[in-house]
Amino acid sequence: MKLLTKYLIKRLTVMSCYALLAVLALYSFIDLLSEIGNVGKGNYTGWTAFKYIIMQMPARAYQLMPLATLIGGLLALSQLSSNSELAVIKTSGLSTADIIRIILKFSAIFALATILLGEWLAPELGRRADAMKTTAKESSITASVMGLWLRQGENIVNIAAMLPDNTLTNIRIWRYNPQFELTEAIIAEKAQVHDGKWVLQNAKISQLTNKHINIQHIKQMNWQTNINQNLLNVLVVKPEQMSFSALTRYIKYLKQNQQQTSAYDVAWWNKLVYPIATMVMSLVALAFTPNSARHSNMGLKLFSGICLGLLFFFTGRLFGFTTQLYGVPAFFSAILPTATFALWAVYLIRKQETR
């Protein structure tokens, strides 16, 4: 029993890794083609674009993990079936329930990999990739963990973050004279962007002279600027690039500031359900595996299973957009596709057993 378990898990894992590498290479190639249009903007070169795609690969791997598990499971189980190994395994004493338990053990490995990618590696590398891309394209700005740094004439500006309604938070402005001596520093809690000016709220102004520092506290003031709104979009926190723990903290922060959280709620529930979806796809693979090599529709079943995996991938995205447009509960959009595919897989497996 242990020998068969190790054998099946090894075959399933190897084929799923191959499938993941194949779909990851395909999607990365498509991403690289889409980046060609940005090459030549500022200091954004072909090598920078290549590094950007490499750094985005963990995020892509996270997104494609259920699909890779499905395709790898289908290929491995179909090979076993075509060589009559699956029939021999069943006649040797392994029941369908035992095979399901083995497949769930195999899928648990990829579910754990999904958690590790989504919680640590993908968010961090994704943020660094975006910061590298932005800095390369726009020489006047720098993105870092402390937010966005911009230089406008004699001013250096630091913005910590931007809320979904385009409100800037924790703004710092340093003004220098032509000799690059600091003459004024402004610290504001928030700012609203309006047609070439920022409306700073709860601002503290420190004016430096040769003898002393004058400090003023102003509830609201206008600051003229020609900073492009597109540059500020770098500060928008992308839900899909955040870890589960970061999403939890950020949703709480948005609620405290009376901001919309629907997109982040969807991402939070997706992060919670996605590892389970990876395991469900392995059951779908079993459900679409031909019982024997004599079945003439083996290729059709494989094709149908792969299309089903793609359907799951795009259905999840569609439900996420539906939630934001029509106010559908976020947990519903995250759980429904996975639950539907799980029930369908169980039904097909039971149907095969009754034949």
Side-chain angles (χ1 to χ4, degrees), residues 11-35 50-78 103-104 106-130 238-244 247 266-288 302-321 333-334 337-338 340-342 345:
R11 290 287 295 270
L12 290 163
T13 302
V14 169
M15 293 306 298
S16 294
C17 287
Y18 285 154
L20 179 60
L21 289 175
V23 293
L24 187 58
L26 176 61
Y27 271 84
S28 296
F29 178 70
I30 295 172
D31 289 340
L32 184 59
L33 291 179
S34 67
E35 286 298 316
F50 181 75
K51 289 193 294 182
Y52 174 76
I53 297 302
I54 293 296
M55 294 173 72
Q56 290 287 4
M57 275 189 174
R60 275 296 186 195
Y62 171 83
Q63 294 174 349
L64 297 170
M65 197 69 75
L67 180 60
T69 305
L70 171 63
I71 296 175
L74 274 170
L75 293 174
L77 292 172
S78 295
I103 288 176
L104 289 178
F106 138 74
S107 61
I109 298 172
F110 283 82
L112 179 61
T114 303
I115 294 172
L116 294 176
L117 284 173
E119 191 65 18
W120 288 287
L121 190 59
E124 180 62 26
L125 282 180
R127 283 192 294 268
R128 292 189 181 188
D130 285 342
K238 300 177 182 178
E240 61 273 13
Q241 288 187 346
M242 300 177 70
S243 65
F244 182 79
L247 277 168
V266 171
W268 189 90
W269 280 101
N270 283 336
K271 289 281 186 181
L272 193 65
V273 175
Y274 216 61
I276 301 173
T278 302
M279 301 180 73
V280 168
M281 287 298 103
S282 66
L283 293 179
V284 175
L286 178 61
F288 276 80
L302 282 172
F303 178 75
S304 300
I306 293 172
C307 289
L308 199 62
L310 293 172
L311 177 64
F312 174 82
F313 181 75
F314 291 110
T315 299
R317 293 199 164 199
L318 177 62
F319 271 65
F321 292 132
S333 69
T338 301
T340 301
F341 276 74

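Since this is a predicted model, take the numbers as computed values, not measurements.
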Taking only residues two or more places apart in sequence, or in another chain, which ones meet Trp268 in a side-chain hydrogen bond (donor to acceptor under 3.5 Å, both in side chains)?
Thr248
Pairing residues for Leu125 by the side-chain contact (heavy atoms from CB on, under 4.5 Å) criterion, not counting sequence neighbours
Met55, Pro58, Leu121
Return the set of residues passing side-chain contact (heavy atoms from CB on, under 4.5 Å) with Ser333 (not counting sequence neighbours), or none when no residue passes.
Val266, Phe319, Thr323
For Leu26, which residues count as a side-chain contact (heavy atoms from CB on, under 4.5 Å) partner, sequence neighbours excluded?
Ile30
Test: salt bridge (Lys or Arg N to Asp or Glu O under 4.0 Å). Region: residues 269-286. Which pairs qualify, not counting sequence neighbours?
none
Those residues at least two apart in sequence (or on a different chain) that pass ring-ring contact (aromatic ring centres under 6.0 Å, His included) with Tyr52 are none
Using the salt bridge (charged side-chain N to carboxylate O under 4.0 Å, His left out) criterion, which residues pair with Glu35? Sequence neighbours excluded.
Lys133
Partner residues of Tyr27 under the ring-ring contact (aromatic ring centres under 6.0 Å, His included) criterion, sequence neighbours left out:
none
Look at atom CZ of Arg127 and say whether more than 12 heavy atoms of other residues, nucleotides or ligands are closer to it than 6.0 Å.
yes
Any donor-acceptor N/O pair, Ser78 side chain to Leu75 backbone, under 3.5 Å:
no
Enclosure of Phe244 CZ (heavy-atom neighbours >12, cutoff 6.0 Å)
yes
Hits for side-chain contact (heavy atoms from CB on, under 4.5 Å) against Leu21, two or more places apart or cross-chain, chain-then-number order -> none
Could you name each residue pair satisfying salt bridge (Lys or Arg N to Asp or Glu O under 4.0 Å) that touches residues 59-68, not counting sequence neighbours?
Asp31-Arg60
For Phe50, the ring-ring contact (aromatic ring centres under 6.0 Å, His included) test, sequence neighbours excluded, returns Trp47
Going by salt bridge (charged side-chain N to carboxylate O under 4.0 Å, His left out), name the residues that satisfy it together with Lys238, two or more places apart in sequence or in a different chain.
Asp130
